Structures are given as structure tokens and as C-alpha cells.
Amino acid sequence: MFDAHATEEEDKLVLLDALSRLGRCTKEQLLRYVVENELQSQFRFFLALGALREAGFVREASHLEGTLLVLTPEGRQSLELFGGRIRASQQEKLQNSGASWRRRIQNELQMPADWEETDNGYSVTLRALESGAEIFSMTLTAATREQAKRFCSRWPESATFLYQTIMEQLGETGKTEDQESGSRT
């Protein structure tokens, strides 16, 4: 469970370290990371994040999907100077989980998925972004809430394959129209 002996200073340093390892991410993504890895409770997270933003160590940046948290140069410098004050057990958790969570978060930001309840079931919107611009969007109907959630959770891992398959099936395989019409005659 969460460490009740962490100080306010350590809570802030843990968030700075987490942001350094994860890169740009939403507040919700950072919260999931620290809670699921048992680095902090939600309450401590919001207190530490508020203090870091107020001090100018973390700032917000606009993204197609909303607002992202970004480590400022002052935040990075503070982490470099005082990061050694994070207890070894916390440092180990940060080190062991950082890389996989970074990939996960980047996938979520590049391949967002949303669902909402409609009169016909659940509308699921799956998208792919590149350089901040939408390059692909697809809306599906799911019969149940569980199915809609499953579509959304599987999208980041399946997006590249599904996008390539759709493009191939729609004619973006590299063949020219002349080659295709010649094979039909």
C-alpha cells in the first residue's frame, strides 16, 4: 500500500521524477501511474501537483486531446539537485515501471479512444494522431458498455495493424490504378 511516511518534499520529488520518466502526459495519466504503482495516494498526488504548478516546476501545455503536464527547466533542475532524497524503495518503483508506462502513455496520446452511451448502444470513436494532427478516425457501435471499454483498451495495441489493413483493403497498397486495371482485363 501507500507509504504513510513520505514527506511533502518527497511527494513533490516523486512527481517530478515521474514526469521526467513519462514525458508529457495528462493529469489523469500521471495520477494512474502514481496510484497504480503505489507511489502516492490520490490526496497526496493532488496536493503535490498543485504545489509544483504553483512553484513553476510543472506547467500545462495544450494538446489535441486536452491539456498535458510538462516538466519545466526549473522542475528538472530541482529534480537533479534533490532527487537523491527520494527513498530507494520509491526510486526502484519509478525505475522499474517508467519505461513501460512511457510507451503506454505515448500510445494513448497518439491513439485516443472514447466511448459514450447512445440510443443504439455505445458509440466508440477510435483515432490515430501524428504530429498533433488526426490522420485516421473510425466510429463503431458496441452493444454493451464492457464491449465499448474493451474496444478502447485494445485500440492502442491494434491501431497500427488495423490502419494498415484498412489502407491496403481500400487500395493504398502501393499499386497504381493502371496496374490494378490491367489485372482486371
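Every value quoted in this text rests on a predicted model; they were computed, and no experiment measured them.
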Is the closest side-chain heavy-atom distance between [X] and [Y] below 4.5 Å?
X    : Y    : result
T141 : V124 : no
W115 : T125 : no
S123 : T139 : yes
L126 : L162 : no
W101 : R32  : yes
S41  : R44  : yes

Going by the rule ring pair (Phe, Tyr, Trp, His ring centres under 6.0 Å), which residues pair with F136 if we only count those two or more places apart in sequence or in a different chain?
Y163
Nearest atoms (heavy-atom pairs only) where [X] meets [Y]:
X    : Y   : answer
S100 : S97 : OG-O, 3.2 Å
R21  : Q95 : NH1-CA, 3.6 Å
R24  : A61 : NH1-CB, 3.7 Å

Under 3.5 Å, is there a donor-acceptor pair between the side chain of [X] and the main chain of [Y]?
X    : Y    : answer
E130 : I135 : no
Q91  : G83  : yes
N37  : Y33  : yes
K93  : E38  : yes
Q40  : D11  : yes
Q42  : V35  : no

Decide if atom CZ of R53 counts as having more than 12 heavy atoms of other residues, nucleotides or ligands within a radius under 6.0 Å.
yes
Separation of [Y] [atom2] from [X] [atom1] (nearest 0.5 Å):
X    : Y    : atom1 : atom2 : value
F82  : Q77  : CZ    : CD    : 9.0 Å
L79  : L19  : CG    : CG    : 10.0 Å
L49  : K27  : CG    : NZ    : 7.0 Å
Q90  : E92  : CD    : CD    : 10.5 Å
L22  : R103 : CG    : CZ    : 11.5 Å
M167 : Q164 : CE    : CD    : 10.0 Å

Identify every side-chain donor-acceptor pair in residues 146-157 under 3.5 Å, counting partners at least two apart or on other chains, and give the distances.
{"residue": "Q147", "atom": "OE1", "partner": "A143", "partner atom": "N", "Å": "2.7"}
{"residue": "S153", "atom": "OG", "partner": "K149", "partner atom": "O", "Å": "3.4"}
{"residue": "S153", "atom": "OG", "partner": "R150", "partner atom": "O", "Å": "3.1"}
{"residue": "W155", "atom": "NE1", "partner": "R127", "partner atom": "O", "Å": "2.8"}

Criterion side chain to side chain contact (heavy atoms under 4.5 Å, CB included) on L109 and L129, from CA distance to verdict:
CA-CA 8 Å; L109 291 174; L129 309 176; over 6 Å; no
Considering residues at least two apart in sequence or located in another chain, which fulfil the side-chain hydrogen bond (donor to acceptor under 3.5 Å, both in side chains) criterion with T72?
E74
Go through the side-chain N and O atoms of E108 and Q29 and say whether any donor and acceptor fall under 3.5 Å apart.
yes
I'd like to know whether L47 forms a side chain to side chain contact (heavy atoms under 4.5 Å, CB included) with E8, so could you lay out the CA-CA distance, the side-chain angles of the two residues, the decisive distance to 0.1 Å, and finally the verdict.
CA-CA 9 Å; L47 288 176; E8 274 185 56; over 6 Å; no
With a 4.5 Å cut-off on side-chain heavy-atom distances among I, L, V, M, F, W and Y, is there a chain of contacts connecting L94 to L31?
yes
Under a single-linkage definition using a 4.5 Å side-chain heavy-atom cutoff for Ile, Leu, Val, Met, Phe, Trp and Tyr, are L52 and L81 assigned to the same hydrophobic cluster?
yes
Carefully, step by step, assess F57 and L16 under the rule side chain to side chain contact (heavy atoms under 4.5 Å, CB included).
CA-CA 8 Å; F57 294 154; L16 291 175; 4.0 Å; yes
Identified side-chain contact (heavy atoms from CB on, under 4.5 Å) counterpart of L68 within the set L30, T26, I105
T26
Is it true that R85 and E10 make a salt bridge, defined as a side-chain N closer than 4.0 Å to a carboxylate O?
no
